[in-house]
Undergrad: 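This is the structure, below, for whatever I ask next.
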Amino acid sequence: MDGSSLKSAQLLDQMRLHLATDAGKELTKKVGLVYQLNIAPKKLGVDEEIFVVDLKKGEVTKGPYQGKPDATFSFTDNDFLGIATGKTNPQIAFIRGAIKIKGSISAAQKFTPDIFPKPAKL
């Protein structure tokens, strides 16, 4: 994702490529939801960059979703990376206030480390 200083942008770029593979296409069939990610460098809500992980169409884009996403998450760069790589439990992060969620809770519960490609090297 060009022009981003976030470490998460590299992972989202890998995911964009992953969704074009057969495994990625299986994922879109299985999940079929749209997630908007508001990722802040350090503090929630400050200087956020917005990405959309569209698991209906199988694409990752930068910028707000046109329409209503199934779930919107707000987190910091490091918290997002922790969740995406499986180092941080999403439920624990939510309880301690590291993630803010808007939209469908059932859709949010399908947002797990399993939907991300295993990073080659970040």
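Along the sequence shown, the residues carry numbers beginning at 1.
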Undergrad: What distance separates Ser4 OG from Phe51 CZ, expressed to the nearest 0.5 Å?
TA: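 These two atoms lie 4.0 Å from each other.
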
Undergrad: Mind checking side chain to side chain contact (heavy atoms under 4.5 Å, CB included) for Asn89 and listing every partner two or more places apart, or none if nothing turns up?
TA: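 By the side chain to side chain contact (heavy atoms under 4.5 Å, CB included) rule, Asn89 matches Gln91, Ile92.
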
Undergrad: With sequence neighbours excluded, what pairs up with Ser74 under the side chain to side chain donor-acceptor pair (under 3.5 Å) test?
TA: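 Here no residue qualifies.
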
Undergrad: Which pairs with one or both residues in residues 99-110 pass salt bridge (Lys or Arg N to Asp or Glu O under 4.0 Å), sequence neighbours excluded?
TA: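 Every candidate salt bridge (Lys or Arg N to Asp or Glu O under 4.0 Å) pair involving residues 99-110 fails, so no pair, neighbours aside, qualifies.
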
Undergrad: For Phe116, enumerate each residue passing the ring-ring contact (aromatic ring centres under 6.0 Å, His included) test, keeping only those at least two apart in sequence or located in another chain.
TA: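 Partners of Phe116 under the ring-ring contact (aromatic ring centres under 6.0 Å, His included) test: Phe80, Phe111.
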
Undergrad: Checking one residue: Tyr65. Which other hydrophobic residues are in its cluster under the side-chain 4.5 Å linking rule?
TA: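 Val34, Val52, which link up through side-chain heavy atoms under 4.5 Å apart, make up the rest of the cluster.
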
Undergrad: Using the rule given for side-chain contact (heavy atoms from CB on, under 4.5 Å), can you reason through Leu19 versus Lys25, listing the C-alpha separation, both sets of side-chain angles and the distance that settles it, and then say yes or no?
TA: CA-CA 6 Å; Leu19 288 174; Lys25 290 183 176 101; over 6 Å; no

Undergrad: Hey, what do you get for CG (Leu11) to NE2 (His18), rounding to the nearest 0.5 Å?
TA: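 Result: 10.5 Å between the selected atoms.
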
Undergrad: Mind checking what makes side chain to side chain contact (heavy atoms under 4.5 Å, CB included) contact with Lys30, not counting sequence neighbours?
TA: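 Lys30 satisfies side chain to side chain contact (heavy atoms under 4.5 Å, CB included) with no other residue.
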
Undergrad: Any salt bridge linking Arg16 with Glu59? Criterion: basic side-chain nitrogen under 4.0 Å from a carboxylate oxygen.
TA: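 Looking at Glu59 together with Arg16, the answer is no, because their closest N to O distance does not fall below 4.0 Å.
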
Undergrad: Among residues at least two apart in sequence or on other chains, which ones pass side chain to side chain contact (heavy atoms under 4.5 Å, CB included) with Ala93?
TA: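 Listed in chain order: Ile83, Thr88, Arg96, Ala98, Ile99.
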
Undergrad: Do Val60 and Asp54 pass the side-chain contact (heavy atoms from CB on, under 4.5 Å) test, and can you show the C-alpha distance, the side-chain angles, and the key distance before you say yes or no?
TA: CA-CA 6 Å; Val60 177; Asp54 186 333; over 6 Å; no

Undergrad: Could you list the residues that satisfy side chain to side chain donor-acceptor pair (under 3.5 Å) with Ser106, not counting sequence neighbours?
TA: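 Expected list: Ser104.
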
Undergrad: Nearest 0.5 Å please: distance from the CG atom of Leu81 over to the CG atom of Asp79.
TA: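 Rounded to the nearest 0.5 Å, the CG-CG separation comes out at 9.5 Å.
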
Undergrad: Among residues at least two apart in sequence or on other chains, which ones pass side chain to side chain contact (heavy atoms under 4.5 Å, CB included) with Gln109?
TA: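 Gln109 satisfies side chain to side chain contact (heavy atoms under 4.5 Å, CB included) with Ile105 once adjacent residues are dropped.
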
Undergrad: What side-chain donor-acceptor pairs closer than 3.5 Å can you find for residues 38-48, not counting sequence neighbours?
TA:
{"unit_1": "Asn38", "atom_1": "OD1", "unit_2": "Gln36", "atom_2": "NE2", "d": "3.2"}
{"unit_1": "Glu48", "atom_1": "OE2", "unit_2": "Gly45", "atom_2": "N", "d": "3.3"}

